[in-house]
2 protein chains.
Amino acid sequence: MSTLTNAAEVLRLFGSGCHAITVTEVGARLGLPKASASRLMKAMRECGMLETIGDSRQHRPGAMMLDLAAAFRQSSSLMRDAAEAVAAVTRQYGHTGYISIRIGQEVTAVVDFEGTAALRVVSNIGQHLPAHLAATGRALLARLPETDLAALYAGHSDLDTILPRIAACRAQGYSLSIQETTPGVEGISVAVGDPGTGEAVALCLVYPHAVVTPQDRDAMIAALGARAADLAQRFGDPIFRAPDFSNRTTP
Amino acid sequence: MSTLTNAAEVLRLFGSGCHAITVTEVGARLGLPKASASRLMKAMRECGMLETIGDSRQHRPGAMMLDLAAAFRQSSSLMRDAAEAVAAVTRQYGHTGYISIRIGQEVTAVVDFEGTAALRVVSNIGQHLPAHLAATGRALLARLPETDLAALYAGHSDLDTILPRIAACRAQGYSLSIQETTPGVEGISVAVGDPGTGEAVALCLVYPHAVVTPQDRDAMIAALGARAADLAQRFGDPIFRAPDFSNRTTP
DNA sequence: AACCATGGTTCCATAAATCCGAACAAACGG
DNA sequence: CCGTTTGTTCGGATTTATGGAACCATGGTT
């Protein structure tokens, strides 16, 4: 089914900052003759997968993607309930929260809740980060058996630092990110899973480093952990480990 | 391109509460032989458009839809800026806000911002409402020339009530919904457009009817209208009309 | 254990769609 | 207006998609 594959490749070009694209660009990036690119994108327009922006030559994903992303979120009880839990913590503390999932070596945000606090965080839905470099990613990786983790990162140049860091996160029950992905911003994350579906999500809060004391931070970790523990009990997650403050690191 | 059309039809089944679907259901709903449905969905799984939920037979849209929805939102300066404007009003008043777009006779939400107030609103992204029955829809319809509006609703059974209602909304510069789509909930909406791309979005706030006084409501309408006016000026919207309280109705 | 129903997958000959380069059309900028 | 760039259409050979039949997997019943 080459047409479907080509269409998916076109759709996959939208990411990493690419919100709109022309026929010529698609042809160049996918190595398609311009006639093929033009015809494919015409067909994708006609079935709603793409749409043009006004009368311009720029194409973007079609509006149906809003429905599809919503259906994806709603398809999982775990994601739905985790989102509710994070929303509640966001309301409680006023900081931005979100839930993330892992896809291979990357994490991506599923839904976010903007806080009322001073920090304005651009939504990171649609962004993919290396999992080991983000609090959410580390929390999710910590759920993997050692063998699976080693296999996932086999041959990775930073293997020496990744494995111990994830192990520390696993022992601690949460992960912390200090100015790691965004200057001035700290993030805390706890992951929980559903053995019935094999899914796992990371619950996360982000806040400005400068305005949150260590005591505040611990309170938020505890709140996030309590919500996650509730989810873990509800879904019967055998891997879940509640945050443990007795051995502090920044994994 | 029949395969692409079929794939799009499969994807379009996700909506109106359908978050997951099996091969047999797809075959039945699209009138496809089960062999065709099976093969099509297998190909869609392989290119990431669909994924199964754990080991079950249930299929959902693939996670790539999160990226595509984000790209859709980011592809439009108007949507981005309108979202920021609504987020600010949500923070200011604590009520849930969102922006919507119109697709034919329907409206759908693009992005929402959950408030801190008592009202817990389930995200309506992924829901489609008849435009004329929603505040956002009426605000957007009010932007259409009379002839376009009449053509859009030609033959509609409620034409006698739709046209005057939209006209009233047009005269007033905003629309109001009182317990119309959700019991106990009121919504206010103002629409603004970008003549460069031909796009229009409705900015909207929803709040519990019981806790918001008419004075509060007017203040929120004014705040939303001021933000929309700023957008209208920035994008050069010749149709925009600021909220006008001198002739109150509930259009 | 054998059988049945249900849901899903694979096979294969035929039908339909796709492909690419060339020709053509449209849009843009000087 | 003209030249350049971008995008679209055409058509026959090639590739892919199709549907019914056969097969497979799973769970429940006798």
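So you know, we letter chains A, B, ... as the sequences are listed, proteins then strands, and number each from 1. Not measured: the values here are computed from a predicted model.
Going from atom CG of A:Leu4 over to atom C1' of C:dA17 covers 14 Å, rounded to whole Å. Rounded to an integer number of Å, the gap from NE2 of A:His59 to C1' of D:dT8 is 12 Å. Following rounding to the nearest Å, A:Ile21 (CD1) and D:dG7 (P) show an atom-to-atom distance of 10 Å. As a whole-Å value, the separation of A:Leu32 CG from D:dG7 P is 14 Å. Spacing between atom CG of B:Leu30 and atom P of D:dG19 amounts to 12 Å, rounded to whole angstrom units. Whole-Å rounding puts the B:Glu46 CD to C:dT10 P distance at 9 Å. Between the CD atom of B:Glu25 and the C1' atom of C:dG8 there is a distance of 13 Å, given to the nearest Å. Distance CE (B:Met41) to P (C:dT10): 14 Å, rounded to an integer number of Å.
The phosphate of C:dG7 (OP1 or OP2) has no side-chain N or O of B:Thr22 nearer than 4.0 angstrom. Within the 4.0 Å cut-off from OP1 or OP2 of D:dG20, not a single side-chain nitrogen or oxygen of B:Lys34 is found. Between D:dT8 and A:Arg57, no contact under 4.0 Å exists linking OP1 or OP2 to a side-chain N or O. A close approach under 4.0 Å does occur between a side-chain nitrogen or oxygen of B:Ser38 and OP1 or OP2 of C:dT9. The phosphate of C:dT9 has OP1 or OP2 within less than 4.0 Å of a side-chain N or O from B:Arg45. Within the 4.0 Å cut-off from OP1 or OP2 of D:dT18, at least one side-chain nitrogen or oxygen of B:Asn6 is found. Under 4.0 angstrom from either OP1 or OP2 of C:dG8 there lies at least one side-chain N or O belonging to B:Thr24.
For A:Val23, the side-chain atoms get nearest to D:dG7 when compared with the rest of D:dT9, D:dG7, C:dG8. In the set C:dT10, C:dT9, C:dC19, the nucleotide with an atom closest to the side chain of B:Lys42 is C:dT10.
A donor-acceptor pair under 3.5 Å is formed between the side chain of A:Arg80 and the backbone N or O of A:Gln74.
Ranked by how close their nearest DNA chain C nucleotide is to the 5' end, A:Ala35 and A:Asp55 are led by A:Ala35.
Judged by distance alone, with hydrogens and angles left aside, B:Arg39 brings a side-chain donor or acceptor within reach of the base of D:dG19, the pair sitting under 3.5 Å.
Atom CZ of residue B:Phe113 and atom CG of residue A:Asp112 lie 8.5 Å apart, to the nearest 0.5 angstrom. A:Lys42 NZ to A:Glu46 CD: the interatomic distance, rounded to the nearest 0.5 Å, is 5.5 Å.
A:Ser76 places none of its side-chain heavy atoms less than 4.5 Å from the side chain of B:His19.
A side chain to side chain contact (heavy atoms under 4.5 Å, CB included) with A:Val26 holds for exactly one of A:Lys34, A:Glu9, A:Met41; it is A:Met41.
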